[in-house]
Structures are given as structure tokens and as C-alpha cells.
Amino acid sequence: MSTQLATRLVVLISGGGSNLAALLEATRDPAYGAQVVAVGADRPSAAGLDLAREAGIPTFVERVGDHTDRDAWDAALTAAVDGHEPDLVISAGFLKLVGDRFLAAFGGRYLNTHNSLLPAFPGIHGPRDALEYGVKVAGATLFVVDAGIDTGVIIAQVAVPVLDDDTEDTLTERIKAAERVQLVEQVGRLAREGWRVEGRRVIVGG
Ligand code: GRF
């Protein structure tokens, strides 16, 4: 039997937490190789916090407005995450850009899942922007967060078709379904096999 410890994940959310739910489901199997040790949010209304509580996982909330400035918020968020000693921090629909302090602590092991095929359509309206542009293929990107907006080294991407009768909602849901599968597959793979970054490439295993 392997004695390797499971990779410790702290997941950051702002919304419903369907990506978090998929991770929680996957981590029920010890063979997955990772466990969610805490869930953090930037707002108490993030519905995903309830999913974590129901699973008996510690939660924390750091609201920007509760701090004197953005830097103080960044310091508080960094401390809150650090307290759970994560190996990986996952932004799963976390709608805030972290600051220098956070990146100094977790840079290189802070991942974000974004609902577009980067570098197309960065920012918070990926599906809407893809639809308005008229692309025929959309999707999701898992990447290592850097100081830019959705500019980090890409770990994996998954494509879905854009249909003629799509609305923002239908395209968003199609992307999210594929995005969840990708997130679960890739986080497990990184946890079990290890990884490193070389230039703009992520090398898994070896
Ligand atoms: C994901 O599609 C993510 O890419 C985007 O927000 C969505 C989060 O959904 N930034 P959920 O909260 O995991 O359901």
C-alpha cells in the first residue's frame, strides 16, 4: 500500500461551486491522490461554502470590503490559505485577482480554471465574449496563475462546440460540464504524478 500523503488542496470560490462539487466527489476516493482541506470565498453568499460545510470541510471568507485596502485583503487571504498548509491552491470560479503577497506565497502552485480557450476571451465574461465574437469552438483552460489576467502557463484545455442557437446560458453550461471533468482529471494527475513548469510548458510526471 502506498504511504504517499494526499496532495492538500485549498479551493477558492465565489459562486455556486459546481467545480468544487466535482472535486469533492473525486476526492472521496483515496486513490485520487488529493484531498480538499479547506474552501475559501470572497463573499459569504458563495453557495459553494455550503457544499464544503456539508462535507465537513473548514471554510473561510475574506471580503475585500472588510479590509482597509486591497493589499490588506491580499495579506489576510494569504494568511487564511496558508493556515491550511496547501500543496495546491485552486481557483474554481474565484472572481478576484490576488495580489503580490499571495503570488509570492503560492505562485507556481496556484491554479485557475477559466471558461474560455485562452488566450482568447480572458476576464469574467468568457462564454458571452466567445458568443458575441462568433467563434465556432469554445471551451475551458486550466492554467498556473501569474501576475497577469488569465495569462499563466497552460496545463490543459478542453473544447466544446458553439451551436447556432446557443445563448450565453446554454454555452456557459456546456463549457462548465467539460470544465469540471477536465479539472478533476488534471488535478488528480498533477497530484499523483507530480509536475514542473519549463518555460510556457507544464511537464507532468517524470
Ligand atoms: C467556471 O466556469 C469558471 O471558469 C468561471 O466561473 C465558473 C464557476 O462555476 N470563472 P462554479 O462556481 O464552479 O459552478
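For ligands, and for the atoms within them, numbers begin at 1 and follow the listed sequence.
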(message) Quick one, P86 and V81 - any side-chain contact, counting heavy atoms below 4.5 Å?
(response) yes

(request) Only one of V184, L9, V11, V36 passes side chain to side chain contact (heavy atoms under 4.5 Å, CB included) with L24; say which it is. (result) V36

Report every pair formed by an N or O atom of ligand 1 and a protein N or O atom separated by less than 3.5 Å, giving atom names and the distance to 0.1 Å.
unit_1: ligand 1; atom_1: 2 (O); unit_2: E179; atom_2: OE1; d: 2.6
unit_1: ligand 1; atom_1: 4 (O); unit_2: T113; atom_2: O; d: 3.2
unit_1: ligand 1; atom_1: 4 (O); unit_2: N115; atom_2: N; d: 3.2
unit_1: ligand 1; atom_1: 4 (O); unit_2: E179; atom_2: OE2; d: 2.5
unit_1: ligand 1; atom_1: 9 (O); unit_2: K176; atom_2: NZ; d: 3.2
unit_1: ligand 1; atom_1: 12 (O); unit_2: G16; atom_2: N; d: 3.4
unit_1: ligand 1; atom_1: 12 (O); unit_2: G17; atom_2: N; d: 2.8
unit_1: ligand 1; atom_1: 13 (O); unit_2: S18; atom_2: N; d: 3.2
unit_1: ligand 1; atom_1: 13 (O); unit_2: N19; atom_2: N; d: 2.9
unit_1: ligand 1; atom_1: 13 (O); unit_2: N19; atom_2: ND2; d: 2.9
unit_1: ligand 1; atom_1: 14 (O); unit_2: S18; atom_2: N; d: 2.8
unit_1: ligand 1; atom_1: 14 (O); unit_2: S18; atom_2: OG; d: 2.6
unit_1: ligand 1; atom_1: 14 (O); unit_2: K176; atom_2: NZ; d: 2.9

(request) Run the numbers on D42 and S14 for side-chain hydrogen bond (donor to acceptor under 3.5 Å, both in side chains), then give the verdict. (result) CA-CA 6 Å; D42 64 329; S14 295; 2.8 Å; yes

(message) What I want to find out is whether R101 reaches D71 closely enough, with some N-O distance under 4.0 Å, to be called a salt bridge.
(response) yes

(message) Does F102 form a side-chain contact (heavy atoms from CB on, under 4.5 Å) with L77? I'd like the steps, not just the answer.
(response) CA-CA 7 Å; F102 191 95; L77 181 71; 3.8 Å; yes

(request) Evaluate side-chain contact (heavy atoms from CB on, under 4.5 Å) for Y110 paired with I90, printing each intermediate quantity in order. (result) CA-CA 6 Å; Y110 179 39; I90 314 276; over 6 Å; no

